Amino acid sequence: MKHFKLLVSLPMFAMGLTAQAQLTSTVQLDLNQQGYVIPKEIYGQFSEHLGQCIYGGLWVGENSPIPNEQGYRKDVLQALKDLKVPVLRWPGGCFADEYHWMDGIGPRDKRPTMVNTNWGGTVEDNSFGTHEFMNLCELIGCEPYISGNVGSGTVEEMAKWVEYMTSDGDSPMANLRRQNGREKPWKLKFLGVGNESWGCGGNMRPEFYSDLYRRYSTYCREFSGNKLYKIASGASDYDYNWTEVCMKAIGNKMNAISLQYYSVINGWDKPKGSATDFTTAEYLRTLSKCVEIESVIKKHIAIMDEIDKKGRIDLLLDEWGTWWDVEEGTNPGWLFQQNTMRDAVVASLSLDIFHKYTRRLKMANIAQIVNVLQSMILTDQEGQGHMVLTPTYHVFRMYSVHQDATNIPLQILTDIIDTEDNRRLPLLSATASKDKNGKVHVSMTNASPDKTQTVTVNLGGLNVKTAAGEILQGKAMGSYNTFAKPNEVTPAKFTDAKVKKGTLEVTIPAHSIITLELN
Ligand code: AHR
C-alpha cells in the first residue's frame, strides 16, 4: 500500500512519499468560480418490493400493533420527514419489470397475489400499491418517481397507469381511481421507462431498448396540466456503449438517462463480504471503489456532452451504494445488511463527488431506503416494532444543508493511498455550498482508517468569525447501531474549529465526518 500527497480536483501529481503518524491536508475554497446548484434530488431514495423495505419497513398496515398512521410506521415516517427526502423511486428495481399496477388497486383483501421471483420467491399480496405509495410521498413531502414495466408489461398498461395517477378529467382511469377513493389526481413528474433493461428488465441490447423506449414513452400522455419528466433506463457502471447508443437513438425524446453503480468489491459472482466484519484492506478497497464513480460519471457525461451539445438531457444515478452479504439468519433474497462507519464514509465521499457534477447529474437515489442494502433505517425482522437509524442516515441528515444550495468549487491537497486492487483513495474529501440564505456549509471526511487529520481550509476571502456543527464518528470503522444499542454511532456537536486570518483549522479523527456552518 503506497502513500502519496495529492492535489485533488486538478490534474493529479504526486508530492512524494509520506509516512506520518498524523495527516495534514489543505482545502482551498474557490469563490471566483461559479458552482452549479446541487439539486435536492441528489439526496433521493429508492424503495422496492424487496425483503422488508415496503412490508415491515415502510408499511405495516392499519391493523398492526406497531404504531402506524394509515398503515405507515409512525417512527419511520417521522425519521424520513426529518431527513427531508426529496424524491422516492418505486416499485423497483428488478421488481418494477414484473409489476402489474392494476393488481395493487381496489380493496386490499381482493387484490391478487404474485410471486416476487427476483427477491426470494416471496409471495407479494399487493396490499401496498399505487394509492399507498403516492399517499406516502404526500405524507413525507417528496416527489414520487415511478418505474414503469417495460420488461413484461404492455404499452397500454403503462399508458393507463399514467392516466390513473394524473388525469383529472372524466376519463376511464380517473374514474376508476375515484372509485378507489382518490378524487383528485396526484402529481407525477418522474417516470422511468423500464429499469435495468440490459439485465433483469428484459436482457435487451441498447438498440432494441431504445426503440421500445420510444414506443412506450409515446403513449405516456400528459393529463390535466401534469408535466412528465421521462427517464430512459440507463447503463450499468462501465457500460459506456449503452449510454452512447441510447443518446443517439432516443435523443430528445427523453428528459434523462439513468445509471447504476454499486460499490461491490469482490465482483458480482463472489461473496460480497461481511457488512460489519472487515479488514483495513477491505475498508480501503471499498472506499477506492466508491470514489471510482467519479471517473465513471465523467465518462458518461463526456459521451452525453458530445451528442447532446445543448445539455438538454440529464444524467440520473438511479441506484448506488454498498452491497454486502446478508446478515446471518436472514433470507438471502432479501438483501438485509448492517451499516457501519464504513458505509457512512461511502455516503459522504459519494455525495461530495455528486456535488461536483450537477451540471448534468440531477438526481441520485441511494439503494435502498429501509432494510435493504445501504439503507437509512433498519426495522427489526421479528416485528417487535424497533427501529434504528444507520450511520448512513446520519450522513444524509447532516448533509441535508447542501440540498438546493450552490456548490462552491474547491481544491484539496491531501495524502492518497494506492490500494491492493490498484485503485487510489485520497484521504480527505470535502464539499462546500452556499444556501439560499447566504449561509456557507462545509463538510469534510477523514477517510483514513487509523490516522487523525489536521485540515486547514483557506476560506478564499469569505468573512468568517465562527464555525460550528456536527461530527459523526464511531469508535471503530466497523461501528454500527443495533436495536439494543441504537446510539453507538450518532452525530455529536463539533466545536473544535478554529477560525483565524481567513482560514479555518480543524482536527478530524480517523474515519469520521463533519459538517460545519460558517458564520
Ligand atoms: O437494489 C437492488 C437491485 O439492484 C435492483 O432491483 C436492481 O435494479 C439492481 O440490480
Side-chain angles (χ1 to χ4, degrees), residues 44-55 57-58 87-99 114-122 124 128 133 145-153 190-204 206 209 231-239 242 256-270 272 275 289-290 293 296 316-327 330-339 343 346-347 350 363-378 390 392:
Q45 299 283 338
F46 170 33
S47 59
E48 179 165 10
H49 288 240
L50 196 180
Q52 293 207 309
C53 180
I54 303 291
Y55 303 108
L58 295 165
V87 58
L88 184 58
R89 181 170 178 251
W90 175 84
C94 295
F95 181 79
D97 281 286
E98 288 196 272
Y99 182 62
M114 67 176 279
V115 179
N116 190 337
T117 48
N118 284 292
W119 306 119
T122 312
E124 162 70 50
F128 188 95
F133 174 70
Y145 171 175
I146 293 281
S147 263
N149 180 349
V150 171
S152 71
F190 300 112
L191 177 69
V193 181
N195 165 72
E196 227 174 87
S197 301
W198 41 265
C200 63
N203 283 308
M204 301 178 212
Y209 168 72
I231 303 150
S233 168
S236 172
D237 37 44
Y238 311 95
D239 184 356
W242 185 278
I257 185 160
S258 66
L259 170 69
Q260 296 189 2
Y261 185 94
Y262 284 99
S263 297
V264 170
I265 56 172
N266 298 332
W268 289 101
D269 50 348
K270 299 204 182 76
K272 297 187 175 60
K289 169 76 184 177
C290 151
I293 197 174
V296 171
L316 310 186
L317 186 61
D318 255 354
E319 296 178 25
W320 68 275
T322 56
W323 193 319
W324 307 119
D325 292 339
V326 298
E327 290 303 305
T330 65
N331 186 327
W334 286 11
L335 311 187
F336 178 78
Q337 68 188 38
Q338 251 298 352
N339 193 300
D343 298 271
V346 165
S350 302
M363 185 192 288
N365 304 316
I366 189 167
Q368 299 190 8
I369 192 163
V370 191
N371 289 337
V372 172
L373 300 178
Q374 192 178 350
S375 54
M376 303 293 116
I377 294 171
L378 301 175
T390 64
T392 300

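Order of appearance sets the numbers: ligands from 1, and atoms from 1 within every ligand. The basis for the numbers below is simple: all heavy atoms, side chains too, and nothing from hydrogens, waters or symmetry mates. Note that the structure is a prediction, hence the values are computed from the model and not measured.
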Kindly indicate whether the side chain of [X], heavy atoms from C-beta on, has any atom under 4.5 Å from the side chain of [Y].
X	Y	value
Gln368	Leu335	no
Val150	Ser233	no
Tyr262	Ile293	no
Asn331	Trp119	no

Tabulated below should be the N or O atoms of ligand 1 paired with protein N or O atoms at under 3.5 Å; can you produce that?
from	atom 1	to	atom 2	distance (Å)
ligand 1	1 (O)	Tyr262	OH	2.8
ligand 1	1 (O)	Gln368	NE2	3.0
ligand 1	4 (O)	Tyr262	OH	3.4
ligand 1	4 (O)	Glu319	OE1	3.2
ligand 1	6 (O)	Glu48	OE1	2.7
ligand 1	6 (O)	Glu48	OE2	3.1
ligand 1	6 (O)	Cys94	N	2.8
ligand 1	8 (O)	Asn195	ND2	3.2
ligand 1	8 (O)	Glu196	OE2	2.9
ligand 1	8 (O)	Glu319	OE1	3.2
ligand 1	8 (O)	Glu319	OE2	2.8
ligand 1	10 (O)	Glu196	OE1	3.3
ligand 1	10 (O)	Glu196	OE2	2.5

*Can you list the residues that meet the ring-ring contact (aromatic ring centres under 6.0 Å, His included) rule with Trp320, with sequence neighbours excluded?*
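Trp320 satisfies ring-ring contact (aromatic ring centres under 6.0 Å, His included) with Phe354 only.
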
_Parallel, tilted or perpendicular: ring planes of Phe128 versus Trp90, cut at 30 and 60 degrees_ =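 Plane angle over 60°, so perpendicular.
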
